[in-house]
Amino acid sequence: MTPLDELLLFSGLTLVFLLLLGRFSYAGKVATVFYGGQLLFLAKMADRIVDGSIVTFSLQVELFGQQMSWRFDALSWFFAVITLGAGLLSSWYASGEWGERFRRRGGNLWLLNVALAANVFSMLILLGSGDLLALFIGWELVSWASFLLMTVAGGRAIQAAMRYITYAMSGAMAILAGIVLLWSHAGGLQYGQIIEVIPQLSQAQVWLLVALFGSGFAVKMGLLPFHLWQAAAYAETPGPGAAFFGAISARMGLYAIILVLVQLIGLARLSELMIPFTFLDMRDLWAWIAVLTIILPTYIALRQSDARYLLAWHGIGQGGYMLLGLVMGDALGSAGGLLHVFNYATNQAVLFFAVFAVMFRTGTADLNKLGGLITRMPISFFAMLVGIIGLAGLPPMNGFVSKWFVYRSLMIEGEPLLFLGAIIGTLGTILSVYKLIHNTFLGQLRVEHVEVREAPWSMVAPMIILMLLIFATGVAPGLVLDWVALVQSAVGLPVVENTLGGVELASGSLDMLWVVGVLFAGFGIGALLFYSGGRTRQVHQLDNYAGGHFLTAEIRYHYSDNFYAGLMHLIRPWYRGSFVWLESTLGSLLGIAASLIQRLYGALHPSIYLLVTVVVTLTWVLL
Amino acid sequence: MSIQTLLMELVLMPLVAFVVGLFMVLMLRRIGAKLQRRVGPPVMQPLYDIVKLYGKKTQISHGWMHDIGIVMAVGGYVAAETLLPVPGMDGIADKGGLVTLVYVMMIPSLGLALGVGQCANPNGSIGIARALTAMLAYDVPFVIVVFGVAWYFGTTNLVDIIAIQQAGGVAGWGATAMPLLAIAGLFALQGMLGKQPFEIYIAPAEIATGPMVEMSGKYLGGLFVMQCFQLYTAGVLYVSLFLGGGENWLFFLLKVFAVVAIPMTVAFLFPRYKTEQMIRLMWKWPVMIGLLGLAFVMH
Amino acid sequence: MNTIVLTVVLPLLAAFVVPVLSRVSPLLGRLLGPLTLAYAILLTLQVWLGMEGKPFSIALGGFQPPLGINFYVDRLSLLFTFLTLVTSLLLWPWRNETEPRQYALTLLLAASACGLVLSGDLFNIYVFYELISVASFGLAAATRSGAAFAASLRYLILSGLGSVLVLCGIAIVYLQTGTLNLAQLSQLAPETLNTPLGMSAFALILLGVGVKGELFPVNSWVPEVYAAASSRVSGLLAGLVSKLAVLVIVRLLVLLFQQESALQLMLILGLLGAISGELAAWRAKDMNRMLAFSSIGQLGVIFIAFSIPGKTGLFAGLALSLHHLLVKPALFLLAERWRGSLVGLRGAGLASPVAGGLFVLLALSLVGMPPLPGFWAKFLLFTGLAAQQSVIYQVALGVVLLSIVIEANYLFRVVMNLFQPAGDNSVAVTTDHGWLNLGTTFLLSALLIAGMLLMGPLGAWLEGVAMQAADPVLYFDTVFSVSAIH
Amino acid sequence: MKEIDIPIEASVDRNRTNPLARVFDELVRFCRSRSMFMLHYCTGCGAIELPPAMTSRFDMERLGIQPMVTPRQADILLITGYVSIKTLKRVILTYEQMGSPKYVIGICSCTVNGGMYWQSYATAKQLDQYLPVDLYIAGCMPRPEAVLEGMRKLMDRIRSGEADGWKDYYRRYDWYLGNQQHLFGDDWQTPADVIGEASHYDLAGPGTEGEHTRLLQQCQKPLEPQQTFFQIGGSLEVKGESHE
């Protein structure tokens, strides 16, 4: 038994356990322990991963001349850690009162747990794939498992899931096309064979391959222009599912991109592929897609009035940073991109947890119907605060470090416009997440929320763990950067030489230990100054300046709607919904074609077709 | 560098920043007075204000985030000062660099935003919304400038940037090499300091000073302290990027005060722009100038 | 060995006896058909074990081929005989108002299908083909509703015209070669049929047989008939009869028409069928029509697969055919309980979770989700297509991929509908066939899962079948070197 | 209006023995006197005299006086003219929202005795019945010179610690409240909690509570609880949401 055997078996066991016994009330808790067990197995292979060796799966399948194998290298391991971490915490979150309430409200908790386990299991299979066929199988399993989880909520979630599966199937088919193309050239689908055959392919063929694989993987990542499905699909998934999706699910696309475009095809080859009629090459194209993916979804997030949708849209945008860092291809950039996978996962998970904790207590995630909950749910507030600082990429949380890496890479590589785009995205994120926390936790507490309490421990505990993680990896990013360096060497990218606090560079280094230390020293001085002043006294929220007006609880004076009115006044015309238009146009065209064809089939005199066809065919044959 | 010197620097740098900042506030008010043909406040007026505010008997709080917001607003700048080299003192400038500094400078704003948020005053929230929008506006030219400077000097380490400039004399200054970027930087500076015409988020007659609406006593005092730091930081940063930093304290302070005097003077000559006007202006002229400057720098 | 003939003879006999017997003893009449079929299956298995993988030929009536007619038994034909009998048994019309007549027709269908599969000569194939037609007309109209009659009439006209075309084609072949024995033709074909005239013969036969094979554009009877006929009949027609038609064409392609243009013609028609079927299914409003259009699409894909030259195409096509043969009848059986508007199906899956679950499984396999068998069949097709140099094959690859996307969309729209909580106006229809149909579906699904688990050996075995079928020389040698037994 | 006189109690500061603390107190008082943020509640014609006092002719900023926008930020409340009853409610709210120490300056005769509105039914005649006025600047209207003179006077009084009207408001809140209730009715209340503030800062005196504050407590419309309370766990159901 290799550690990978144990891991996959145990993961499968978790799934089977939930399938069979998932209806018992303790099942969620047991499953959480099981996820913990999976993490242990993952930890067990850590020493081999650190050695740079590969952990193989004992079972190999040969079908139709295709050898299929599974193995874990540092790349798989890195993503698997995040996957299992997200699975563990999501399951924990769902195992207590949240799940109880969900079930009592008519939700199918069993299905939710099973779907979660199926997602984790299939992701592990995908991450372990040792050849392209295994990759495709894993890919499809993940797609359908996600679909299952998306449909748990029913109602609007179903529509979102349908949209997802259409996109996902299109993407999968593009990937399949790429795979069979490669197969026809290489005669096999082992990574080694493909690395050998790629240099022999013509530019046009590689172009086609990159386009097929790229667009397929981009669908999962939610990269432009395939991003439309993601927000609704993730946001409508019930609590822990949304957190899990938000944290890691879309990153499977990134994993595949790293595997195929970086490891198999190689970034160098990408920059040889010119785009016709422009001065850009394929790599620039990817970089620009990444930047557009950062900007557009982020500014769509800014307009959302539902906290879940807001977060989901940001999830799409943050994917852009990872890709951007990665396609820069240097040690800093790719380290930043990979680090951001981890950092973002922690941030997004904690944010979704906090939002669903609020939903748990108040019954709504509508940003215009909340406010002032900080006095009622301080831990959730703090969790969201830590999350938004991380998501926006401000020190001292971990999101800053990964973005810093990406920015520095862009600076060193001399990409001012990409840099500008990335920063504009960050600024938009800051605006949007402030709106999130302001409208939820700050401002006026509504009368109907006076009795609200902090979420139960089963929901708070995962948040606290994530907060600690976010802060710890923000102060000491070296902890994760060590893993990232392993991944880089496994993938064949230049390896970042990190320190515990960040990175040492001749052209400007980063040491978060110092930065955070000084920041907190500054806070200390600020606190000293503050608390040396007179004694404070908290006043009631209605004791508030309103130009001499007497405020009462019935008056809603929380400023939440149209939050960035001035900005929106200027940029609202820029939201043209072009992608939605494009999507619906395609749909309509297909619909028109379909109804024409249906009419064709419904014709009254089908024999005429027959005769016409005969005549046409014979003419074709004889001429 | 011994640990004692470092510790001393870490204490001294914010302290110097505060003192210099007090005089900048004074200069701000004096310039305004001069332009309006008044006498203006006495020399110690900024200090009087702060002491008075801290010495208020009742301190009205709206909750713990309100308190912590002020702590963050002041503390963030205290931290930022240690990342900003001044003559004879580098602090921990080489541990963070330009990008880190830019982001650490956002912490006070974040703290303030959170604190104001808990005040539950719509004027305050509107003010913050506008302030963040303003940040979106002026940061675009600002990051162009940052990028240009980092590219030109090949580093983001402020100590190195200053050293390179000083090695070349006045001809080596960033402003000489990158005049267009320096101009774009001035625009950004104006926005960053929130001075007219870009002070829509304060707008006293409309939204009752926006973020400050519920600030009393030491809360307001904290903001006054923050303003000192803010003026100082912006000025020193500009001097470090474009005017060769400080060879010695005399020249250094001269340059810094001169730089800060520009937006202050401009401030009293202009009315207030609406938010969208501000964005449009910031995204048009300084960005164009900045990109042009960047093009010159990079080729 | 020659007991294989009994698989044709016994059901045929039974078909004539059943109506009479039913009058004497309804119970016997009821049991005769299934028993006959079961016995025939046994015989087939016996032959299978006995032949040890080597093909053989049986000359009928004492005359040696090419003068006499013969049955050619290789793994492919035996496989299809087996499948014919099993499918007929599984889809046996157990309970029906017009029982004896239906029994007779089903038996007739089974007998003639076996004959068609085994026949080694073109004219016999035509005869059996006509017999199948007759049986299927009767079956299609068996529900005796107005719609069923209208649909059957449509089917009848098209099918009749098709038969004429086939006959014309056969006439041209005879004109060119002077024989109708397949083995002999396989030898003469390279010289005599590799002409425009030969090609036109193929085109005529393709279009004629294509009527049953749901080939575009002569398939417009399909949605009408499947919507009106009972699910078992639909399953039989969609699952079995269409495959038999395809089988005929495949035999002709392997033995007679090896020119590239023949393959291309089939490819183009298959392509059009695939995309048009899936698109129409996407718009379909009720279950049976949707499945009918989907069946057109699937058959299109099968035609595309068979148009890949060489063993690859046969292998892929066979895999796809088998998969479709397994899945489509199962889906039709499920559809029996969910007849009517798709919108009205809300909550039906919640009402009967087993059926719903089976539908999901079958749909997933149809869409080609790995590692279900459907994926492997499609994978074979894709690798086959990708290996071809010609652009049109690449186009076909794209089209098939697109059609899968559309298919996934409409199938899972239905699935979602099934598992949504029921609205007020939806009535989940269940007939009293429920458990029988469900049991059959369950069996077929179990086979599917078994296929998935045994994919390795199954694939290897199927490849052997394809290899054998793709060899015209073997065919000739088998027929002419082996002495007839009678 | 039971009492006409304005009792001014001598300030009873805590006895601070530490000499440094005395210096510190002195410093704070000095700074208070040299930095006065004023909120001008421009109720009447007196307001017109303030701009000249602030702008280049007289330049109040020389003295460290500058206008502020909200009561939170301000030290001085300037009532610049007659106060109608409706306005008075706002004035009182504004005053209570200011942070102590805070000073009230009544400008114009109207604040002293009603002035030309003496016979008006809708005007509060004597401001110091309702708020502790530290300084009146009489006149109709007083010229900027007078305003500045008044300001200087107030500065001196702050410096010497005499300007302690704000303490008086805490100490004799019951009396002020009684006058206010007399004018506005029994259900008069502001969101500001003066009694709580007084006890929090140890400023309560014997007259802080009394019959009027009891009346206030009886008639008060309670504010919903707002203090942070922290409890994890508890019932599963959301309050106020229908159970589906």
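In this text, all values refer to a predicted model and were calculated from it rather than measured experimentally. So you know, we letter chains A, B, ... as the sequences are listed, proteins then strands, and number each from 1.
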- First locate atom SG of D/Cys31, then atom OH of B/Tyr54, and finally report the distance between them rounded to the nearest 0.5 Å. 13.5 Å
- Task: Using a cut-off of 6.0 Å, state whether more than 12 heavy atoms not belonging to B/Met27 lie near its atom CE.
- Result: yes
- Query: Counting only heavy atoms not in D/Tyr103, do more than 12 sit closer than 6.0 Å to its OH atom?
  - Reply: yes
- Message: Can you tell me which portion of B/Leu53 sits under 4.5 Å from chain D's heavy atoms? Options are side chain, backbone, both or neither.
- Response: side chain
- Task: I would like to know whether B/Arg38 and D/Ser56 meet side chain to side chain contact (heavy atoms under 4.5 Å, CB included); could you show each step before the answer?
- Result: CA-CA 5 Å; B/Arg38 288 188 287 118; D/Ser56 49; 3.8 Å; yes
- Task: List the atom of D/Tyr201, the atom of B/Lys57, and the distance in Å for their closest heavy-atom pair.
- Result: CE2-O, 3.2 Å
- Item | Short side-chain donor-acceptor distance under 3.5 Å, B/Glu214 and D/Thr70 | no
- CD-NE2 distance between B/Gln59 and D/His200, expressed to the nearest 0.5 angstrom: 10.0 Å
- Hey, does the side chain of B/Ser216 reach the backbone of D/Gly99 with a donor-acceptor pair shorter than 3.5 angstrom? no
- Is it the case that more than 12 heavy atoms not belonging to D/Leu27 sit under 6.0 Å from its CG atom? yes
- Message: Can you tell me if D/Phe58 has over 12 outside heavy atoms packed within less than 6.0 Å of its CZ?
- Response: yes
- Message: I need the contact set between residues 90-98 of chain D and chain B: heavy-atom distance under 4.5 Å, sorted by residue number.
- Response: D/Gln97, D/Met98
- Task: Measure the shortest side-chain to side-chain distance between D/Glu197 and B/Thr58 over non-hydrogen atoms and say whether it is less than 4.5 angstrom.
- Result: yes
- Message: Is D/Thr55 close to chain B through its backbone or its side chain, or both, or neither, when contacts mean heavy atoms under 4.5 Å?
- Response: backbone
- Item | Region of D/Leu203 that comes under 4.5 Å of a non-hydrogen atom in chain B | side chain
- Query: Within 45° of the axis and under 6.0 Å from the centre of the six-membered ring of D/Phe37, does NZ or CZ of B/Lys52 qualify?
  - Reply: yes
- Best-contacting candidate, D/Arg57, D/Met60, D/Gln66, against chain B by heavy atom pairs under 4.5 angstrom: D/Gln66
- For atom NZ of D/Lys86, is the number of surrounding heavy atoms from other residues, nucleotides or ligands below 6.0 Å larger than 12? no
- Atom pair CZ (D/Arg72) and OG1 (B/Thr209), whose distance is rounded to the nearest 0.5 Å: 12.0 Å
- Message: Has B/Tyr48 got a side-chain atom pairing as donor or acceptor with D/Phe30's backbone, closer than 3.5 angstrom?
- Response: no
- Item | Salt-bridge present (D/Asp75, B/Lys56; N to O < 4.0 Å) | yes
- Residue among B/Ala33, B/Gly63, B/Pro41 with most heavy-atom pairs under 4.5 Å to chain D: B/Pro41
- Top contributor to chain B interface from D/Gly64, D/Ser35, D/Pro101 [non-hydrogen pairs under 4.5 Å]: D/Ser35
- Message: Donor-acceptor pair, distance only, cut-off 3.5 Å: does the side chain of D/Gln73 make one with the backbone of B/Met212?
- Response: yes
- Message: Under a 3.5 Å distance rule, please check whether D/Asp59 uses its side chain to pair with a backbone N or O of B/Val39 as donor and acceptor.
- Response: yes
- Query: At what distance, to the nearest 0.5 angstrom, does CD of B/Gln36 lie from CD of D/Glu61?
  - Reply: 8.0 Å
- Query: Donor-acceptor pair, D/Arg32 side chain versus B/Gly55 backbone, under 3.5 Å?
  - Reply: yes
